[in-house]
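Convention: sequence-line order gives letters A, B, ...; per-chain numbering from 1. Not measured: the values here are computed from a predicted model.
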2 protein chains.
Amino acid sequence: MPLDALTINEAAETTGWSPRMLRYVERVGLVAPARTTKGYRLYGPAELQRLRTLRELLDAHELGLSDVAFAQRMRSDKALRQAVDGWFTTEPRRPSDVPAADWLRFEQEKHERLLEAAVAAA
Amino acid sequence: MPLDALTINEAAETTGWSPRMLRYVERVGLVAPARTTKGYRLYGPAELQRLRTLRELLDAHELGLSDVAFAQRMRSDKALRQAVDGWFTTEPRRPSDVPAADWLRFEQEKHERLLEAAVAAA
DNA sequence: ACAACCCTAACACGGTTGTGTCAAGGTTGT
DNA sequence: ACAACCTTGACACAACCGTGTTAGGGTTGT
C-alpha cells in the first residue's frame, strides 16, 4: 500500500467527514479517490486537502454539496454554462441599432471567451 | 393599469407557469415583478421573457430552480464566487519556485478580474 | 354591490439531499 | 484462521424543493 494514501476510515478520521459521507461525496462527483485493484479507496494528500477545504467552503457560505456539484457541472459543461449565463443576460435593453441575432451571438461569444479563459486558468 | 403589464393570472396564462409557481419563482429570487401601490404583481415584457426562457433553461439541462438561484448567488456574491472557484483550483501542483501565499493571491486576483469582467459585461 | 380578481398563509404531498445504521460478503495482516 | 478492515446495498429519517389546493381577507371593474 502507498505510504501517503489513507483508507476510508483513516481519511474520515483526519478530515472530519464520516466514512458514509466520503462515499456520498464521491457519488455526487466531488473528490473521487483512487482505488486498489480490489476496489479499496485510497485517499492521497490532494484528496484529503480537497475534503478539508470542502467542509470549510460549505460551512462558510451555507452551501450544500449539490450546490458545489452544480458549480462543477457548470465548469465542465460548456453548453450549460452558456445557457445559464445567457439567461441572466436576457433583454437588458440592448443597443437598438444592431440586429438582435448578431447582438446575441456577440454576447454569447464574449462570455464564452471570458469564461473559457477563467476555466483554462484553473 | 399599465397597458403592457399583466396580472399574475394573465402572466401564468402566457408563460405556462402556474400562478403558484410565479409566486415561488419570485420567492427564490428569480423574476421579481413590479407591484402596484396595493401590492398586485405586474409582469412586464421583460419578466415574461425571463419566465419563458427560464422554463426552457430548466427543461433543456434538467436543472432545478435552486440551481439557477445558486448561479445567481454566485454572480452577485463576489466572496462566494471566489471561494467556490478557489476550491476547484486547490493544489493542482503549483509552480514550486513561487511562494504559496503569493501564488494563491495571484490566482485569486486573476479569477476576480476575469469574472468581474464577465459579470460587468452582463 | 357584486362578481371576479388579487394578496398572504397554511396544509399536504411526492421527490431529493444529507446522514446514520445495519447486513452480507470479500480482503488483509498477524 | 481469525480479527479487523473494506466493499456495495438497503432501510430509515429529518429537512428541503417543487407544486397544488384551500382559507380568509382586500381590490377592482361594471
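Rounding to whole angstrom units, CZ of residue B/F70 and P of C/dT17 are separated by 14 Å. When rounded to the nearest whole Å, the span between CG of B/D59 and P of D/dG18 equals 13 Å. The CD1 atom of A/I8 sits 12 Å away from the P atom of C/dG20 (whole-angstrom rounding). For the pair A/R20 CZ and C/dG18 C1', the interatomic distance rounds to 8 Å; values are reported in whole Å. Taking atom CG of residue B/L22 and atom P of nucleotide C/dC7, one finds them 10 Å apart after rounding to whole Å. To the nearest angstrom, P of C/dT19 lies 16 Å from CD of A/E26. For the pair B/L30 CG and D/dG18 C1', the computed distance is 13 Å after rounding to whole Å. Between A/E62 atom CD and D/dC16 atom P the separation is 11 Å, expressed in whole Å.
Remark: side-chain polar atoms of B/R35 are not paired, donor with acceptor, to backbone N or O of B/Y40 under 3.5 angstrom. Between the side chain of B/W17 and the backbone N or O of B/L51 there is at least one donor-acceptor pair closer than 3.5 Å.
In this structure, A/S66 reaches the C/dG18 phosphate: one of its side-chain N or O atoms is under 4.0 Å from OP1 or OP2. Dashed line: the shortest gap from a side-chain N or O of B/R35 to OP1 or OP2 of C/dT8 is under 4.0 Å. Considering only side-chain N and O atoms, A/S18 lies under 4.0 angstrom from the phosphate OP1 or OP2 of C/dG20. Taking 4.0 angstrom as the limit, A/R41 places a side-chain polar atom (N or O) nearer than this to OP1 or OP2 of D/dT7.
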Could you go step by step and tell me if B/E10 and B/R41 meet the salt bridge (Lys or Arg N to Asp or Glu O under 4.0 Å) rule? CA-CA 11 Å; B/E10 295 167 337; B/R41 291 172 180 80; over 6 Å; no

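Contact annotation: side chain of A/R23 to base of D/dT7, donor-acceptor pair absent below 3.5 Å. Side chain A/Y40 to base C/dG26: a donor-acceptor pair is found below 3.5 Å.
Here A/E47 does not pair with A/R52 in a salt bridge; the nearest charged N to carboxylate O distance is not below 4.0 Å. Using a 4.0 Å cut-off between a side-chain N of Lys or Arg and a carboxylate O of Asp or Glu, B/E62 and A/R73 do not qualify as a salt bridge.
Residues B/L63 and B/K38 each lie close to DNA chain D; by heavy-atom proximity, the contact nearer the 5' end of the strand is made by B/L63. Each of A/D67 and B/T7 was matched to the nucleotide of DNA chain C holding its nearest heavy atom; the match closer to the 5' end belongs to B/T7. Comparing A/T37 and A/Y24 by the nucleotide of DNA chain C that holds the closest heavy atom to each, the one mapping nearer the 5' end is A/Y24.
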